[in-house]
Amino acid sequence: MRKQWGQPKGVLVVAGVGAAVVGAVVLGSGAWAQGGGDRAVGGTRLQRDADAVVGTGASGLVVQARDAGGRNREARAGVRDLARGGRVPFDTYYRIGSDTKTFVAVAALQLVAEGKLGLGDTVEEWLPGVVNGNGNDGSRVTVRNLLQHTSGLPNYTDILFSDPEELTPENYRAKRFTVRTPEQQVALAMSRAPGWLPDAEDPGAETRWAYSNTNYVLIGMIVERATGHPWEQEIHERIIEPLGLRHTLTLGTSAYVPQPTATAYLQFPGRDDLTDTTLQVDGRADGGIVSTTTDMNTFLRALMDGTLLPAEQLEQMRTTVPAPDFSGGDKARYGLGIAWRPVDGCDSGVWYHGGTSFGTVSEAAVTPDGDISAAAAVFTTRFGDQQRSAEQEKATYGMVERAVCRKP
């Protein structure tokens, strides 16, 4: 999940993996295609950028860019599995991590449009007594604060992984099937004091920003209380089904990503090797969706062009506060479940979120009018080596930004 464990959102790398790349392939059609609409090896800018990401050491990736006419360009690089080789499937499923938050925010804002939920409603109104203790106060935190990460609430994942012993291959294997309920996740967060309490008179006006996965666990709980349905059902009926996202799903308590997929790898702190972290339970509203690059492009474009939200709610979603610590640079701004950053070549910048899980990075961007988008999955992450993470992140961002903005 994005900004997890106090580490920069990074992707990563092992020395020598880039040299093991199998032939990379581009799929395209129409004016965007290089190679006449047939799959062709090498040669395109998107392909070169994909190769550059793997060149920093990532095991494998897939990326799809979509233009204003709905034409796709696709590239892949690296290997599906370091031991067995093979190409990463173009239609690979992957954990989108904190990109889930944008889906959940859409469902919440649809409820706002229907009058079933208010951005000014407090957590205490919907979940009495849940946000309490150690100075935390649910009566001072609104739905808007949760959606915008201006609540000041502790991040349960920072607490969960604050002990270095938690971040080891052995501990991962021992706990990869462990299920933590939303109530347990919030209770863990409540064991620490908040960073701040929003103003009692006008909590929605808060502009102090700090990323906390706890916020979206709570939003999922509130959506369930407001509708009487699991948050997963609301996501399916409000977004997945209407848009025909046939390859987007919630995993619940399952640790398995559907096939086809690629092996996810994580380099744990203090180690040089990569660990296969493909299996894990991570099915909550802060990061529990699995998708494909095709479905992610469809979702983001439908969001920006007004298909999913009325104009008033889309405007609220795109009302931002400074978020200099968020991935995307010190000029990043965060709205309600989605962020904005300036990019050379796009006069109005791009909207994005992104997500990091154990071994997978989801990265995407879309123009404000929804005309052009790109989505990528990279199947390697690293904790503890900021230099390599930064190199991977820079290459991945560059790939997505050039695909959307034709950035130099």
Side-chain angles (χ1 to χ4, degrees), residues 2 8-11 24 26-35 40 42-56 58 61-77 99 102 293-294 296-306 314 317-320 322-335 338-355 361-378 389-408:
R2 193 50 48 108
K9 178 208 64 74
V11 219
V26 176
L27 171 67
S29 63
W32 269 27
Q34 313 259 345
T44 71
R45 182 58 183 265
L46 185 63
Q47 187 60 64
R48 292 194 298 273
D49 286 341
D51 291 339
V53 175
V54 170
T56 67
L61 69 89
V62 63
V63 57
Q64 182 191 86
R66 190 173 300 173
D67 73 358
R71 295 177 293 265
N72 292 332
R73 293 179 297 156
E74 293 184 280
R76 58 187 175 184
D99 272 322
T102 310
T293 56
T294 295
M296 283 299 295
N297 277 315
T298 299
F299 167 66
L300 289 172
R301 291 156 67 91
L303 175 57
M304 287 295 118
D305 71 13
L314 183 57
M317 183 178 231
R318 301 201 294 194
T319 299
T320 62
D325 295 329
F326 192 53
S327 56
D330 58 7
K331 294 182 179 179
R333 300 184 64 89
Y334 201 93
I338 199 164
W340 176 91
R341 69 178 186 266
V343 177
D344 290 344
C346 281
D347 292 341
S348 300
V350 296
W351 292 93
Y352 72 108
H353 198 286
V361 173
S362 172
E363 210 63 79
V366 63
T367 54
D369 55 12
D371 279 354
I372 303 174
S373 64
V378 183
S389 293
E391 291 171 356
Q392 180 76 45
E393 183 178 78
K394 181 179 179 181
T396 304
Y397 269 71
M399 175 180 67
V400 171
E401 290 176 352
R402 279 186 287 271
V404 174
C405 300
R406 301 304 176 97
K407 175 183 174 182

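One-based numbering along the sequence shown.
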Looking at CG of D49 and OG1 of T396, how far apart are the two atoms once the value is rounded to the nearest 0.5 Å? 10.0 Å
Any side-chain heavy atom of V54 within less than 4.5 Å of one from L61? yes
Less than 4.5 Å apart, any side-chain heavy atom of R402 and any of R48? no
Compare every heavy atom of V350 with every heavy atom of C405, then report the nearest pair and how far apart it is. SG-CG1, 3.6 Å
How far apart are the closest heavy atoms of M296 and A375, and which atoms are they? CB-CB, 3.8 Å
Taken to the nearest 0.5 Å, the spacing of S327 OG from Y397 OH works out to 3.5 Å
Can a donor-acceptor pair be found, under 3.5 Å and without considering hydrogens, that links the side chain of Q64 to the backbone of A374? no
Using modelled atom types and a 3.5 Å cut-off, is there a donor and acceptor pairing between side-chain atoms of W340 and backbone atoms of S348? yes
Can you check whether T294 reaches R66 side chain to side chain, under 4.5 Å on heavy atoms? yes
Shortest non-hydrogen separation from L300 to A364 and the atoms involved: CD1-CB, 3.6 Å
Least distance between heavy atoms, D51 atom then A77 atom: OD1-CB, 3.6 Å
With R301, which residues qualify under side-chain hydrogen bond (donor to acceptor under 3.5 Å, both in side chains), at least two apart? none
Decide yes or no on side chain to side chain contact (heavy atoms under 4.5 Å, CB included) for V62 and T293, but give the supporting numbers first. CA-CA 8 Å; V62 63; T293 56; 4.1 Å; yes
Just one of T298, N297, T367 clears the side-chain hydrogen bond (donor to acceptor under 3.5 Å, both in side chains) bar with S373, so which one? N297
Looking only at heavy atoms, which two atoms of A339 and Y334 are closest? And how far apart? CB-CD1, 3.9 Å
Would a 4.5 Å heavy-atom cut-off, applied to side chains only, mark R406 and R45 as touching? no
With a 4.5 Å limit on heavy-atom distance, are the side chains of L303 and V366 in contact? no
Close side-chain approach of V53 to Q392, heavy-atom, < 4.5 Å: yes
Would you confirm whether R333, through its side chain, and T320, through its main-chain N or O, come within 3.5 Å as a donor-acceptor pair? yes
Evaluate the side-chain proximity of M317 to T102: yes if any heavy-atom separation is below 4.5 Å, no if none is. yes
Roughly how far, to the nearest 0.5 Å, is the CD atom of Q47 from the CD atom of E74? 11.0 Å
Which heavy-atom pair separates W351 from I338 by the least distance, and what is that distance? CE3-CG2, 3.7 Å
Indicate yes or no for a side-chain donor-acceptor contact from R73 to the backbone of T44 under 3.5 Å, with no hydrogens or angles considered. no
Close side-chain approach of M399 to L46, heavy-atom, < 4.5 Å: yes
